[in-house]
Amino acid sequence: MIQQWQGDNLEVTDIMKKPIQTVKPQTDSFVSDFKASNDALFLYLQEAAAKIAGMR
């Protein structure tokens, strides 16, 4: 899986560069999410990665 930024969102693509999923920040940006709680952001991204991995 490959990740790339699409504006404020993180787009996850497969090896063929086809979009799989878009992960959106919980607030207005991932920077704001990190400033509010880096632990919560880590868990959010970890859960999103697990869901995406389970899709394949």
Side-chain angles (χ1 to χ4, degrees):
M1 291 186 278
I2 301 168
Q3 302 85 28
Q4 59 185 2
W5 291 108
Q6 293 289 16
D8 289 330
N9 301 323
L10 186 61
E11 185 176 77
V12 181
T13 58
D14 63 13
I15 193 84
M16 301 302 290
K17 297 187 179 181
K18 292 181 183 177
I20 298 173
Q21 185 82 19
T22 300
V23 180
K24 298 180 180 185
Q26 294 176 301
T27 61
D28 60 327
S29 71
F30 284 109
V31 173
S32 295
D33 292 351
F34 182 82
K35 287 180 180 179
S37 175
N38 60 338
D39 290 332
L41 177 59
F42 174 77
L43 292 174
Y44 173 70
L45 292 174
Q46 187 176 18
E47 289 173 7
K51 286 179 186 176
I52 294 168
M55 294 172 55
R56 289 303 202 177

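Computed from heavy atoms alone, side chains included, the values below leave out hydrogens, waters and symmetry copies.
Between the Asp33 side chain and the Thr27 main chain, a donor and an acceptor come within less than 3.5 Å of each other.
Between atom OG1 of residue Thr22 and atom CG of residue Asp8 there is a gap of 12.5 Å, rounded to the nearest 0.5 Å. A distance of 11.0 Å separates CD of Gln21 from CG of Asn9, quoted to the nearest 0.5 Å.
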Would you give me the side-chain donor-acceptor pairs under 3.5 Å for residues 38-45, sequence neighbours excluded?
{"from": "Tyr44", "atom 1": "OH", "to": "Lys24", "atom 2": "O", "distance (Å)": "2.5"}

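Cluster membership for Trp5 and Val23, using ILVMFWY side-chain heavy atoms within less than 4.5 angstrom, is shared.
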